[in-house]
Amino acid sequence: MKDPRLEEVGYDGPSGGWGSLRGIASVFGKEWATPAALETLARQNKPGGFMCVSCAWTKPEHPHPLEFCENGAKATLWELTSRRCDPDFFAQHTVQDLRGWSDFDLEQSGRLTHPMRYDPTIDRYVPVGWDEAFTAIGRELKQLDPKSTTFYASGRASLETAYLYALFARLYGHNNLPDSSNMCHETTSVGLKKVIGSPVGTCILKDFEDCDALFFFGQNTGSNSPRFLHTLKDAVERGCKIVTFNPVRERGLIEFVDPQNPIQMTIGKPTKLSSLYFQVRPGGDIAAIMGLIKHVLAADERAKGTGERVLDDAFIAQHTHGFDDFLKQAHETEWADIEHESGLSRDNLAEAAKIYCDAKNVIGIYGMGITQHVHGAETIGMLVNLLMLRGNLGRPGAGISPVRGHSNVQGQRTVGISEKPELVPLDHLEQRFAFKAPRDKGRNTVEACEGILDGTVQAFIGLGGNFLRAIPERGRMEAAWPNMQLTVQIATKLNRSHLINGDAAYLLPCLGRSEIDEQAAGPQTVTMEDSLSCVHGSRGHRAPASDMLRSELSIVAGIAKATLVANDAVKWDDWTADYARVRDLIEDTYPDQFKDFNARMFTPGGFYRGNKVRDRIWQTKTGKADFTLPQSLTSVGVADKHGRFRLITMRSNDQFNTTVYGLSDRLRGIEGTRDVLLMCPDDILRHELKSGQKVSLLSDADDGVERRLDGLVVTPFDLPSGCLGAYYPEANPLIPLWYHDRMSKTPAAKGVPVRISPMGAAA
Ligand SMILES: Nc1nc2c(c(=O)[nH]1)N[C@H]1C(S)=C(S)[C@@H](COP(=O)(O)OP(=O)(O)OC[C@H]3O[C@@H](n4cnc5c(=O)[nH]c(N)nc54)[C@H](O)[C@@H]3O)O[C@H]1N2
Ligand SMILES: Nc1nc2c(c(=O)[nH]1)N[C@H]1C(S)=C(S)[C@@H](COP(=O)(O)OP(=O)(O)OC[C@H]3O[C@@H](n4cnc5c(=O)[nH]c(N)nc54)[C@H](O)[C@@H]3O)O[C@H]1N2
Ligand SMILES: [Mo]
């Protein structure tokens with residue numbers, strides 16, 4: 001009999017349902033349902049309203065009466081807080097003192113209200129006028145070598161702001177434009193582009209109405225893109241099958257009750273989502289997909305005599321490259337290795353392969369469970385291999401759909417936030433703005449961190465985000481950060497990255513997306529691109545949290561104007577006065593994708609930017625879609641060894657990235673704490689640990705660097721053996737900076753090598 005103390009923590013209810021409404025209430029109390037807050041939420045993700053600041057899932061043409069989810073509501077309400085982090089607050093607390101606060105408490109201090117300058121003599125932030133701040137920042141930047149500076153963007157800023165931010169970097173003289181995508185779907189931008197020529201997903205919402213099966217890898221819909229649950233539910237109810245691969249049995253992918261459907265809420269049964277659910281080992285997806293592929297190939301062999309082929313031979317012959325070599329590798333791969341690396345059995349994979357073969361149209365879906373691995377890009381290549389066998393690319397109802405993170409992270413890359421000069425139409429920009437653009441490759445997030453460590457990066461501007469919490473290698477990074485000459489943070493709320501400063505440091509508060517953005521030409525609209533490449537206008541209607549706030553665009557323009565020499569082609573004031581002019585610039589730079597931008601931005605459901613893969617045009621080196629030959633069957637970057645675990649860093653249902661709303665991970669049954677180490681009961685016994693015991697995690701990366709995290713409580717959880725779970729961002733000190741996807745340098749926040757040490761004991 002199982003030791004009752006090892007009973008796994010978990011949650012048996014469906015996702016959605018009453019629990020999602022209680023989830024909102026538990027963070028915001030009764031206030032969340034005030035008329036003003038509800039009115040704001042009712043405008044969320046609607047044409048003419050504002051686009052949610054939470055995830056990037058698409059906003060449909062026919063929205064629900066309330067087109068928001070539990071977590072979208074939390075993100076909006078978080079921005080609407082009545083608390084203010086004003087000059088009085090900063091007068092009361094030294095920065096040293098604030099460093100002792102939890103991340104939760106820092107953000108709870110409310111919306112930033114005034115531009116602030118760090119005064120090292122009193123270790124406090126003090127108010128500064130906007131012009132004075134811009135002039136001082138401009139003066140610093142003018143003295144620095146542009147190549148020693150770096151302009152980070154978290155993925156929330158609008159297309160208009162992103163376009164100007166990237167333009168500013170290039171006019172100033174660098175391509176150092178790391179962004180949150182570098183920690184997220186850069187694996188897609190590089191890996192997917194390499195094999196099919198598209199850096200983004202190929203599906204549109206209509207495809208989800210026409211697909212027969214969805215193969216789902218490492219994306220936690222219930223917490224991270226809950227509005228997508230409606231799409232999944234509709235698909236399942238018309239007969240589409242979902243096959244899920246995830247080490248964690250995520251409730252959101254098991255069953256769902258639509259909180260907007262009164263009948264289902266009161267008397268209905270939850271909709272069962274996944275037909276098959278595979279608890280793959282972390283990093284085991286390459287092997288699992290190889291297993292699926294072997295079954296598909298075997299089915300095709302069997303079918304050859306009958307005349308009805310399983311493979312789409314015509315597609316493979318006309319549209320792909322490298323099939324024969326791949327076929328050879330698939331045949332040579334042993335089932336024993338596949339079973340070992342994936343943790344799944346040949347027979348179980350046969351069931352999934354049958355669903356794949358029976359389905360006319362299949363969509364492959366994935367998230368961070370795939371992208372945040374050392375061989376993440378190869379895993380994406382494997383998923384493409386699987387899809388290509390039956391021509392599931394470039395036709396309706398089929399394709400590949402990475403689920404993106406921040407609400408405009410995909411769009412920022414579309415309009416020029418990239419360290420890779422070849423991805424940006426520099427010739428056009430040079431001509432349009434009469435300057436010589438830098439042509440050398442800039443720094444991505446990992447390279448920016450390397451530069452901060454070795455002193456070659458001397459200034460950091462952060463357009464949103466919480467860089468020092470989001471990146472790996474926290475210990476060394478926090479120590480090196482103050483060596484910079486200048487740090488500037490543009491933000492809505494105080495966070496830890498604002499408490500570690502360069503010699504000169506500024507904290508510049510900006511408007512949130514639900515707020516009115518009044519400029520010389522009147523209230524402004526901004527635009528975003530969602531996960532399915534649809535572009536939407538967004539207009540705030542609430543009074544700003546403080547009179548002193550400025551829009552992100554005007555702050556970028558203010559710094560740029562104070563930094564750059566005058567240039568008649570560059571009109572910061574005109575652009576700030578009327579963002580329609582910036583949209584004209586975007587249309588001029590990207591005419592194919594943004595035709596009639598201003599006229600189309602309020603198209604219900606957004607306007608689709610297009611994707612050549614839908615017409616089976618492959619913008620790759622070979623001019624075809626390429627089969628990938630994986631170099632290894634695991635996407636984890638270090639070998640197995642006794643005592644070494646694979647740690648997956650996870651998001652709870654009560655956080656948005658580094659912003660922690662509360663201590664309830666409702667859909668996993670973890671309440672009241674984030675200091676947990678999730679572990680399977682067998683491993684707890686095998687390693688002579690006890691449920692409830694406090695332990696430390698130590699980096700096991702064989703590089704001699706000590707990285708540790710203390711005070712985690714061993715918590716039995718349904719996970720594959722050899723796998724541990726802990727929360728992001730708390731666990732980030734354990735990830736080595738060099739532990740990243742080989743092709744794209746996306747930090748590998750899943751499959752991190754660690755070992756467990758009892759608290760207090762030496763390693
Ligand atoms: N509410 C809320 N919404 C969010 C966010 C948030 O923090 N909160 N963050 C936003 C951002 S920026 C992003 S990028 C997305 C992130 O959304 P997701 O892509 O869902 O990212 P994660 O939560 O990190 O983890 C994804 C899943 O991968 C699984 N996994 C871990 N390792 C493996 C593996 O080796 N193989 C497989 N198959 N699965 C694995 C985990 O169990 C988890 O269920 O969500 C966005 N939306
Ligand atoms: N271990 C581990 N590490 C990870 C991940 C993981 O799964 N595991 N995920 C990675 C991923 S996918 C991502 S995207 C990154 C996230 O990295 P970031 O994007 O840098 O971090 P966020 O937590 O989203 O940023 C939150 C802060 O943004 C500011 N903010 C909020 N709204 C606005 C706004 O409208 N404008 C401006 N200017 N500021 C605003 C607030 O000050 C808030 O404190 O983390 C990465 N790090
Ligand atoms: Mo992300």
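Whatever order the structure lists them in is the order used to number ligands and atoms, beginning at 1. In this chain, residues are counted from 1 in sequence order. Because only heavy atoms are used, hydrogens play no part in the values below, and waters and symmetry mates are left out as well, while side chains stay in.
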Ring center gap for Phe90 and Tyr125 short of 6.0 angstrom: yes

Hey, is Ser225 one of the residues with a heavy atom under 4.0 angstrom from ligand 1? no

For Asp665 and Ser652, which I'm curious about, is there any donor-acceptor pair between the side chains at under 3.5 Å? no

Consider only side-chain N and O atoms of Thr244 and Ser274, and report whether a donor and an acceptor are under 3.5 Å apart. yes

Of all the non-hydrogen atoms in the protein, which one sits nearest to atom 31 (C) of ligand 2, and at what distance? Thr492 OG1, 3.2 Å

Atom 17 (O) of ligand 2 has as its nearest protein heavy atom Ala470 CB, 3.3 Å

So is there a nitrogen or oxygen of [X] less than 3.5 Å from a nitrogen or oxygen in ligand 2?
X      : result
Leu494 : no
Gly465 : yes
Arg513 : no
Glu79  : no

With backbone taken as N, CA, C and O and side chain as the heavy atoms from C-beta onward, which portion of Val409 lies under 4.0 Å from ligand 1: side chain, backbone, both, or neither? neither

Of the side chain and backbone of His373, name the one, both, or neither that has a heavy atom under 4.0 Å from an atom of ligand 1. side chain

Should you measure from each heavy atom of [X], which atoms of ligand 1 turn up under 4.0 Å away?
X      : result
Phe245 : 37 (C), 38 (N)
Gly367 : 19 (O)
Asp285 : 34 (C), 35 (O), 36 (N), 37 (C), 38 (N)
Val248 : 42 (O)
Cys184 : 14 (S)
His406 : 12 (S)

Would you please classify the geometry between the Trp57 ring and the Phe228 ring as parallel, tilted or perpendicular, with 30° and 60° separating the classes? parallel

Should Arg156 be listed as contacting ligand 2, given a heavy-atom distance under 4.0 Å as the test? yes

Less than 4.0 Å is my threshold; does some heavy atom of Arg469 fall inside it relative to ligand 2? no

